[in-house]
Amino acid sequence: MEVQRRVDALHETKFLADHLRPVSHEVRDDARAGPCMDGTRVGLLDKISAWAKDPDAKNIFWIDGSPGSGKSAVAASVVKMLRDMHQLGSFYVFKHGHAKLANPLAVWCTIVYDLVQIPPPSCYGQFHVDLRKRILTLLKDGEFDAGHKVVMAQFTGLVQGPFSGLKLPGCLVVVIDALDECGSEPDQLDQMLRTLSSWAVLLGIQAHCYWEKCS
């Protein structure tokens, strides 16, 4: 029985990959910057750690800074930290000119794919299991097309319905790096920002942003 469950889970995972077409962890890991050097950015990383543990904190931690100020190194350190804390749901890094990582249409497909993995990516197992069932049903019923060419419409189809009503029992974090390198069309970044705002509201909290300068 256990063997059959594992076989079924593997078939489901392949089905999810075929239909969502996510950017692989290997591609994203290769594109990520190296983490902060030991002993650097300690204050900022401590703030992020405290924010990630606080269920009442503002739901977006936005790091701003000029090019070369170390934002991507901070993001890489945060990904490692959240993995160690079992609170990382997904991560995505944009990269201008990259065939896959510059494309905003891949973001939500990749994030959702990460969130429905077995074993679950975080300590909130039941949330991931419930979401996996909903996404599988959506795809099997033919109600979502990963080839949709509008970011907001893709978000509405893949995320808005399946996530509606799901309650997260703790602090699950999604990390997105280099948002300024999103897309090649002027409106794609605007659409991506609108989906982030809508995503926050879907999880049952108002879209408040915590702003931190990286310099």
Side-chain angles (χ1 to χ4, degrees), residues 12-33 59-64 67 71-72 75-76 78-79 82 88-117 121-122 127-128 131-164 166 168 172-203 207 209:
E12 288 178 350
T13 299
K14 184 179 186 305
F15 175 85
L16 289 163
D18 289 344
H19 285 75
L20 295 177
R21 291 175 263 172
V23 179
S24 70
H25 273 276
E26 290 76 15
V27 170
R28 287 177 280 157
D29 279 329
D30 286 346
R32 277 196 298 133
N59 57 358
I60 297 177
F61 196 114
W62 187 286
I63 299 175
D64 182 36
K71 301 184 299 297
S72 291
V78 170
V79 166
L82 292 170
L88 181 67
S90 179
F91 75 93
Y92 196 91
V93 52
F94 284 104
K95 189 171 184 179
H96 182 70
H98 192 285
K100 295 180 178 179
L101 293 174
N103 181 11
L105 294 170
V107 177
W108 290 110
C109 288
T110 301
I111 289 173
V112 169
Y113 180 77
D114 285 350
L115 290 174
V116 299
Q117 289 307 293
S122 81
F127 169 83
H128 298 289
L131 180 61
R132 183 182 177 95
K133 291 177 182 177
R134 293 187 179 197
I135 295 299
L136 282 167
T137 298
L138 179 82
L139 297 176
K140 288 176 180 178
D141 289 348
E143 296 179 8
F144 175 75
D145 178 11
H148 206 297
K149 301 302 182 184
V150 179
V151 178
M152 194 66 203
Q154 192 184 66
F155 173 86
T156 300
L158 180 62
V159 179
Q160 202 135 25
F163 280 78
S164 180
L166 280 180
L168 192 61
L172 181 68
V173 182
V174 171
V175 178
I176 298 178
D177 182 30
L179 189 57
D180 58 323
E181 298 189 33
C182 164
S184 57
E185 301 297 327
D187 68 327
Q188 287 183 318
L189 177 56
D190 289 340
Q191 287 191 45
M192 190 65 215
L193 289 171
R194 289 203 301 274
T195 66
L196 291 175
S197 179
S198 297
W199 156 268
V201 173
L202 270 179
L203 296 183
C209 181

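In this text, all values refer to a predicted model and were calculated from it rather than measured experimentally. In what follows, every heavy atom counts, from backbone to side chain, and hydrogens, waters and symmetry copies are set aside.
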Please report the closest heavy-atom contact between [X] and [Y], naming both atoms and the distance.
| X | Y | result |
| --- | --- | --- |
| V93 | R32 | CG1-CG, 4.2 Å |
| L179 | L193 | CD2-CD2, 3.6 Å |
| S122 | L88 | CB-O, 4.1 Å |
| F91 | V79 | CB-CG2, 3.9 Å |
| M152 | Q191 | N-OE1, 3.2 Å |
| A76 | A33 | CB-O, 3.2 Å |

- Steps toward salt bridge (charged side-chain N to carboxylate O under 4.0 Å, His left out) verdict (R194, D190): CA-CA 6 Å; R194 289 203 301 274; D190 289 340; 5.6 Å; no
Interatomic spacing from [atom1] in [X] to [atom2] in [Y] - rounded to 0.5 Å:
| X | Y | atom1 | atom2 | value |
| --- | --- | --- | --- | --- |
| M192 | L105 | CE | CG | 10.0 Å |
| S90 | L82 | OG | CG | 11.5 Å |
| K95 | D177 | NZ | CG | 11.5 Å |
| E181 | L189 | CD | CG | 11.5 Å |

- Message: Taking side chain to side chain contact (heavy atoms under 4.5 Å, CB included) as the definition, give me every residue that meets it alongside T110, ordered by chain and number, with sequence neighbours left out.
- Response: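 Once residues adjacent in sequence are excluded, the partners of T110 under the side chain to side chain contact (heavy atoms under 4.5 Å, CB included) criterion are P22, V23, R28, Y92, A106, D114.
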- Item | All side chain to side chain contact (heavy atoms under 4.5 Å, CB included) counterparts of A17, not counting sequence neighbours |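 A17 satisfies side chain to side chain contact (heavy atoms under 4.5 Å, CB included) with Y113 once adjacent residues are dropped.
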- Can the ring centres of F155 and W199 be said to be less than 6.0 Å apart?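 Distance test on ring centres: not under 6.0 Å, no.
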4.5 Å side-chain heavy-atom contact, [X] and [Y]:
| X | Y | result |
| --- | --- | --- |
| C109 | L158 | yes |
| V112 | F163 | yes |
| I176 | L196 | yes |
| L115 | L172 | yes |
| R132 | I135 | no |

- Item | Residues in ring-ring contact (aromatic ring centres under 6.0 Å, His included) contact with H98, at least two apart in sequence or another chain |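 ring-ring contact (aromatic ring centres under 6.0 Å, His included) list for H98, sorted by chain: empty.
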- Would you sort out whether H19 and F144 count as a side chain to side chain contact (heavy atoms under 4.5 Å, CB included), showing the intermediate values? CA-CA 9 Å; H19 285 75; F144 175 75; over 6 Å; no
- Message: side chain to side chain contact (heavy atoms under 4.5 Å, CB included), that's the test. Do L139 and L20 meet it? Break it down for me.
- Response: CA-CA 9 Å; L139 297 176; L20 295 177; 4.1 Å; yes
